[in-house]
Protein chains: 2
Amino acid sequence: MTLRRHSLLSKNVARALRQRLRREYQSGGRLPSELEIAQEYGVSRGTIRDALAILEREGVIFRRQGSGTYVNQYALNIQASIESAYEFTDLIRQAGYQAEIRPLSVERQPLPADIAARLERPPDSDALFVRKLFLADGEPAIYCLDVLPTDLVREPYQPEELHAPIFDFMRQRCYQTVSLVLADIIPQVTEGQLAELLQSPLGQALLQFDEVSFNTLNKPVLFSRVYYRDGYVRFSVLRKKM
Amino acid sequence: MTLRRHSLLSKNVARALRQRLRREYQSGGRLPSELEIAQEYGVSRGTIRDALAILEREGVIFRRQGSGTYVNQYALNIQASIESAYEFTDLIRQAGYQAEIRPLSVERQPLPADIAARLERPPDSDALFVRKLFLADGEPAIYCLDVLPTDLVREPYQPEELHAPIFDFMRQRCYQTVSLVLADIIPQVTEGQLAELLQSPLGQALLQFDEVSFNTLNKPVLFSRVYYRDGYVRFSVLRKKM
DNA sequence: GAGTGGTCTAGACCACCAG
DNA sequence: TGGTGGTCTAGACCACTCT
């Protein structure tokens, strides 16, 4: 069994500090010095700095050399950080709505050329096309098309399994773990079928994400095209100046 | 004078490695072990790990415990990483176009309530409204409105100075350094004035960024609303699974 | 079992900020 | 001038991967 110590001391401290910030520093303020925190948690200063680095990357704190470590009260309330790959249902719930999945279809089709190229597969090779709709308080909020090359599937499965999150399916039936997602952000306008599916008026703006997912060996294993209706889910980005 | 050593050893190594990757690892591959790299550069393993951590955050490499450090050839060619705050002209140039700035207007107006709230200012307090257009190969690509509270301006200035990047103006005339930008990503449709300005047909999709910039003390100092025409600049996001 | 990355420690010196 | 964060070192042990 994995020991608690390994791989988690700094992360544990980061988690503890994060909770403490939400409790005691809602309106900002300065943290104790790194040395004090280190002594308080009984770890070395380096470990504390690792923990603080995690929180700094999240934007939750910022540091000023010679002065101290401060809390960023604004970053505590970001709706959906674009850098974390959440499940869609989590996204919807975090935005304050009741989440629901509506499976639409599962088909086997040949890969169109553009998707084949991004998956580094020969064109017209066989793939699973899985279409799903995600509802927020009963209203369509997210439409998702997943394209999975058929030859990756290693185990037999029930069709219903494709209604669950695709990453779970890939782990269990393809032995593929996704570790990285490269997404293109594309503004889009509702038209044609999309209007019906999302019950969105023609000409309304949407956010389209074209995503390629890579496994731990950095090979592309999944293409996804996702449409977000504005209003239900909104993304925030934290840009740091260097 | 600041010594070369301080604050830069790991960043220097990161830069050197980044260049080396672009030269020698365009199609992926495995790096030497951390110990070997450390000896090669004559630094400790900890410093190498700091450097590799920078590259890993950029997505340029990924590591597999017990196996090695590998190059991610896909992340090398991202057009515009959404997490770095570039100048607009850089964005356009990186996309392969000739960049040009066209100043539109500078006005003093009272702050509307929604922007005032995000800047934590009283409504109707005075602010500078700076409007600019950025062209790619002569075609409108980005429209930008900057809203700067007037009381932040500390030094007299020439109107032309507001044609330069706003962050430069803030540093020089307001003594304000922006260290963090919080952006909301909003899909939008061309309409009204925007169509004329961007010379974009009505009903075309745009990307709108609503940004609040914070200074080093984490106080909001600038609101910006930016519209990107799709096609000229496209954003990519790298999502890491944890 | 040998080699890799992941984590942690203890100590040092530096640049920066504030009183 | 004392305290803070920023950086670097040398060494240790661990879990994981590969063969």
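Below, chain A is the first sequence line, B the second, and so on; all start at residue 1.
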Euclidean distance, atom [atom1] of residue [X] to atom [atom2] of [N] [Å, nearest integer]:
{"X": "Asp50(B)", "N": "dC8(D)", "atom1": "CG", "atom2": "C1'", "result": "9 Å"}
{"X": "Arg49(B)", "N": "dT7(D)", "atom1": "CZ", "atom2": "P", "result": "16 Å"}
{"X": "Leu52(A)", "N": "dT4(D)", "atom1": "CG", "atom2": "C1'", "result": "13 Å"}
{"X": "Gln39(A)", "N": "dT9(C)", "atom1": "CD", "atom2": "C1'", "result": "14 Å"}
{"X": "Ile61(B)", "N": "dG5(C)", "atom1": "CD1", "atom2": "P", "result": "10 Å"}
{"X": "Leu31(A)", "N": "dG3(D)", "atom1": "CG", "atom2": "P", "result": "19 Å"}
{"X": "Ile48(B)", "N": "dA10(D)", "atom1": "CD1", "atom2": "P", "result": "13 Å"}
{"X": "Asn12(A)", "N": "dG6(C)", "atom1": "CG", "atom2": "P", "result": "18 Å"}

[N] OP1/OP2 closer than 4.0 Å to side-chain N/O of [X]:
{"X": "Ser67(A)", "N": "dG3(D)", "answer": "no"}
{"X": "Thr69(A)", "N": "dT4(D)", "answer": "no"}
{"X": "Ser44(B)", "N": "dT9(D)", "answer": "yes"}
{"X": "Lys11(A)", "N": "dG6(C)", "answer": "no"}
{"X": "Arg63(A)", "N": "dT4(D)", "answer": "no"}

**Asked** Do Tyr175(B) and Glu155(B) get their side chains close enough for a donor-acceptor pair, meaning under 3.5 Å?
**Response**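 Short answer, yes.
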
**Prompt:** When you match Gly42(A) and Gly66(A) each to their closest nucleotide on DNA chain C, which lands nearer the 5' end?
**Reply:**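 Taking each residue's closest nucleotide, the earlier one in sequence belongs to Gly42(A).
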
**Prompt:** Can you find a donor-acceptor N/O pair under 3.5 angstrom joining the side chain of Arg45(B) to the base of dG6(C)?
**Reply:**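 Side chain to base: pair found, below 3.5 Å.
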
**Request:** Check the surroundings of atom CZ in Arg154(B): do more than 12 heavy atoms from other residues, nucleotides or ligands lie under 6.0 Å from it?
**Result:**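 It does not: Arg154(B) CZ has 12 such atoms or fewer within range.
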
**Asked** Nearest heavy-atom pair of Tyr25(B) and Arg30(B): which atoms, and what distance?
**Response**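 Minimum heavy-atom contact is CE2-O, 3.5 Å.
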
**Request:** In sequence, state the C-alpha distance, the side-chain angles, and the governing distance for Phe223(B) and Phe129(B), and then conclude on ring pair (Phe, Tyr, Trp, His ring centres under 6.0 Å).
**Result:** CA-CA 10 Å; Phe223(B) 176 85; Phe129(B) 285 65; 9.3 Å; no

**Message:** In terms of relative ring orientation, are Phe88(B) and Phe134(B) parallel, tilted or perpendicular, with 30° and 60° separating the classes?
**Reply:**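 Correct class here is perpendicular.
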
**Prompt:** In terms of side-chain heavy atoms of Leu9(B), which of dT9(C), dA15(D), dT9(D) is nearest?
**Reply:**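 Of the options given, the side chain of Leu9(B) lies nearest dT9(D).
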
